[in-house]
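Values below: every heavy atom of this structure, side chains too, minus hydrogens, waters and symmetry copies.
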Amino acid sequence: AVTSEERPFASITAVKSGSPADQAGLIVGDLLVRYGDITDFNGIAPFTQRHLNEAFLVKVFRPNFPRAFTLEVRPRAWSGPGLLGCNFVPHSSADSS
């Protein structure tokens with residue numbers, strides 16, 4: 001069973017090649033369970049801004065993987081848009097029941 005703190009709150013819909021998100025190993029379809037200490041969608045952008053050039057851990061569920069796992073992400077300025085180079089959309093647990 002999925003515990004409350006293991007509930008995905010965002011999914012990744014795009015990852016730019018060579019971006020910090022790409023280098024961290026994030027891929028399209030990953031579901032965020034924890035983003036640093038953030039567990040709600042509205043916290044992602046402010047947390048990213050506060051942690052510019054600082055590594056933190058992101059816990060994800062990946063379809064067809066048996067359990068959640070953790071990746072290290074470091075937001076930074078790079079040649080593309082944003083600090084991570086990926087798109088998040090809110091994920092409701094109803095989507096994947």
Side-chain angles (χ1 to χ4, degrees):
V2 174
T3 62
S4 58
E5 62 268 15
E6 296 280 280
R7 201 162 285 148
F9 62 91
S11 60
I12 296 181
T13 58
V15 178
K16 296 258 193 272
S17 180
S19 67
D22 184 35
Q23 291 173 347
L26 292 168
I27 63 169
V28 170
D30 280 350
L31 300 176
L32 295 187
V33 181
R34 181 171 288 275
Y35 186 83
D37 57 5
I38 301 300
T39 55
D40 74 289
F41 184 79
N42 293 330
I44 293 174
F47 185 88
T48 303
Q49 296 284 344
R50 283 200 309 276
H51 291 82
L52 180 61
N53 299 317
E54 293 174 19
F56 58 88
L57 297 178
V58 175
K59 190 172 185 181
V60 300
F61 277 124
R62 184 166 289 172
N64 305 319
F65 273 61
R67 61 183 59 85
F69 58 94
T70 304
L71 298 169
E72 187 178 87
V73 174
R74 184 185 299 267
R76 60 180 173 77
W78 66 293
S79 59
L83 298 174
L84 286 174
C86 66
N87 282 15
F88 301 106
V89 296
H91 179 84
S92 74
S93 45
D95 295 343
S96 61
S97 54

Least distance between heavy atoms, Pro75 atom then Thr48 atom: CB-CG2, 3.7 Å

Geometric class of the Phe47/His51 ring pair [parallel <30°, tilted 30-60°, perpendicular >60°]: parallel

Considering all heavy atoms, the nearest Pro63-Gly29 contact: CD-O, 3.4 Å

OG1-NZ distance between Thr39 and Lys59, expressed to the nearest 0.5 angstrom: 12.0 Å

Flag side-chain contact, heavy atom, 4.5 Å: Phe65 against Val60: no

Same cluster (ILVMFWY, side-chain, under 4.5 Å), Val73 and Phe41: yes

Closest non-hydrogen atom pair between Leu31 and Pro8, with its separation: CB-CB, 3.7 Å

Cluster check Phe61, Leu26: I/L/V/M/F/W/Y, side chain < 4.5 angstrom: no

Side-chain donor/acceptor of Arg74 to backbone N/O of Asn53, under 3.5 Å: yes

Shared hydrophobic cluster for Val33 and Val28 (ILVMFWY, side-chain gaps under 4.5 Å): no

Co-membership, hydrophobic cluster, residues Tyr35 and Phe69, 4.5 Å side-chain: yes

Thr13 vs Phe88 side-chain heavy atoms within contact, under 4.5 Å: no

Ser19 (side chain) donor-acceptor with Leu84 (main chain) under 3.5 angstrom: yes

ILVMFWY network linking Phe56 to Trp78, side-chain heavy atoms under 4.5 angstrom: no

Chi angles and distances behind the side chain to side chain contact (heavy atoms under 4.5 Å, CB included) call for Gln49, Leu83: CA-CA 8 Å; Gln49 296 284 344; Leu83 298 174; 4.1 Å; yes

Spacing of Arg7 atom CZ and His91 atom NE2 [to the nearest 0.5 Å]: 10.5 Å

Closest non-hydrogen atom pair, Leu52 against Ala77: CD1-N, 4.2 Å

Least distance between heavy atoms, Gly18 atom then Arg76 atom: O-NH2, 4.3 Å

Nearest-0.5 Å distance that lies between atom CD1 in Ile44 and atom CD1 in Ile38: 8.5 Å

Pairwise side-chain contact, Asp30 with Val15, heavy-atom cut-off 4.5 Å (strictly under): no

